[in-house]
Amino acid sequence: MFVFMTKLMLKTLQMVNTDKPPIWFMRQAGRYLPEYRELRAKAGDFLTMCYTPDYATEVTLQPIRRFGFDAAILFSDILVTPDALGQDVKFIPGQGPVLGELNLDALSLDNIHTHLDPVYSAIGQIRTQLDKEGFTDTTLIGFAGSPLTVATYMIEGRGTKDFMQFKKFLYGKPAEFDRLIDLLIECTAEYLIKQVDAGAEVLQLFESWAGAIGGFAFEKYVIETNQKIISKVKAVHPHIPIIGFPKAAGYYLKEYMTKTGIDALGCDFTLPLNFIRDELQTVMPVQGNLDPGILYAGGDILEREVKNICDTLGHKPYIFNLGHGIHKDTPITHVEQALKIIRG
Ligand code: 1CP
């Protein structure tokens, strides 16, 4: 318990007010860092990086060494779960993820832990390395993609803007869609439980495409799925804090917050700060929500917005973060500028 309370991130998640908010950025390890690009060129393939504990450890630590963030997030990707279930997943430079045809009968939970074992090893190795380099107060975050978000990639075969193949499947073949979702719930819960066994201290569920659907589908495929995963994880690890990030959930946010069992809410950049403070932060700690575009733009607007966020949300349990992942062309000086303003 003593060790727990020295960590800024864990204090905040336990509703303890701190002088300054803990800080980390979604996608903080990545292409905006020259040291990442160098290692990526050496490793060649993105998934090789994810499944090689030495690489994953090194990349996870890069932003911690450079910026001293209060939390390190495991270097991996949300698409390792379909890969572990048996769907072909590739990352093609310049294109992003490309998945092979979805064949429900070929997916299986049987080999997921063998497949994901390097991720669990990486988590142990990251913790050891953080401590070795003196980052003993840095919290280690594990994560997974939520079923709906991961299913969009499994069905579309890649990132999508209109989600039409995904929706045709969801609304046109509901029994098959439910089979896929049930498999993903089981896989994701087991994966997260093992991440905590390996040393993850906080978990984040990325429901990045929550905003793609509404109505009964939101209820069934965002709220129910996230709730089931969280209750399975908490049955084994009751004290593990879980942050939910249901991007663009808008109207449904309060229901998501109260029904899923999350401990903190990741807020996207569309949410007004007064709404976050008055309607969401009154219920639980919040995280977010600087627009990555403002971090990319830098200058006066960055200074103004960072101050505004800290002034509005900094009086109650709050974790500074972006409202979505950092853009790959973000200048490092802008990250430094933001940190200076937050930390004073
Ligand atoms: O070319 C490269 O080097 C790969 C770029 C890259 C990186 C650095 C991808 C491909 N994934 C990642 C790492 C990653 N992805 C992390 C690492 C930890 C961190 O530092 O934060 C995390 C948490 C993710 C999660 C992830 N992957 C999400 C959810 C977060 C979000 O941004 O909404 C999503 C949607 C993905 C899918 C994905 N992986 C990579 C890309 C380019 C994409 C998006 C594809 C698309 O929809 O267009």
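Each ligand, and each atom within it, is numbered from 1 in the order the structure gives.
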### Message
If the test is side chain to side chain donor-acceptor pair (under 3.5 Å), which one of R40, R65, Q62, R66 qualifies with E35?
### Response
R66

## Note on the structure
Exactly one of W24, F135, F320, F25 clears ring pair (Phe, Tyr, Trp, His ring centres under 6.0 Å) with F69, and that residue is F25

### Query
Is the distance between the ring centroids of F177 and F166 less than 6.0 Å?
yes

### Query
Counting only heavy atoms, which portion of H324 has something under 4.0 Å from ligand 1: side chain, backbone, both, or neither?
side chain

### Among Q195, K194, H113, the one residue meeting side chain to side chain donor-acceptor pair (under 3.5 Å) with Y120
H113

### Query
Is ligand 1 less than 4.0 angstrom away from at least one heavy atom of L74?
yes

### Task
Identify, for atom 25 (C) of ligand 1, the protein heavy atom at the shortest distance, and state residue, atom and that distance.
I78 CG2, 3.7 Å

### Query
Is a side-chain donor or acceptor of D70 paired with a backbone partner of M9 at a separation under 3.5 angstrom?
no

### N/O separation below 3.5 Å, A29 to ligand 1
yes

### Query
atom 13 (C) of ligand 1: which of A72, S76, C50 has the nearest heavy atom?
S76

#### Entry: Proximity to ligand 1 by part of R40, non-hydrogen separation under 4.0 Å
side chain

## Note on the structure
A student comparing Y153, F46, F143, F206 should find that the heavy atom closest to atom 22 (C) of ligand 1 comes from F143

### Query
Would you say T160 and ligand 1 have an N/O pair spaced under 3.5 Å apart?
no

### Query
Does ligand 1 have a heavy atom under 4.0 Å from the side chain of P97, from its backbone, from both, or from neither?
side chain

### Task
Please confirm whether the backbone N or O of A43 pairs with a side-chain atom of T48, one donor and one acceptor, at under 3.5 Å?
no

#### Entry: Within 6.0 angstrom of Y296 OH, more than 12 heavy atoms from elsewhere
no

## Note on the structure
So for R31 against ligand 1, with non-hydrogen atoms under 4.0 Å, the contacting part is side chain

### Task
Could you tell me whether some N/O pair between S208 and ligand 1 is separated by less than 3.5 angstrom?
yes

### Task
Note the single closest protein heavy atom to atom 48 (O) of ligand 1, along with its residue, its atom name and the distance in Å.
G159 CA, 4.0 Å

### Query
G145 near ligand 1, heavy-atom distance under 4.0 Å?
no

### Task
Using distance alone, decide if ligand 1 has a nitrogen or oxygen within less than 3.5 Å of any nitrogen or oxygen in Y36.
yes

### Option among Y55, F46, F143 that satisfies the ring pair (Phe, Tyr, Trp, His ring centres under 6.0 Å) test with F75
F46

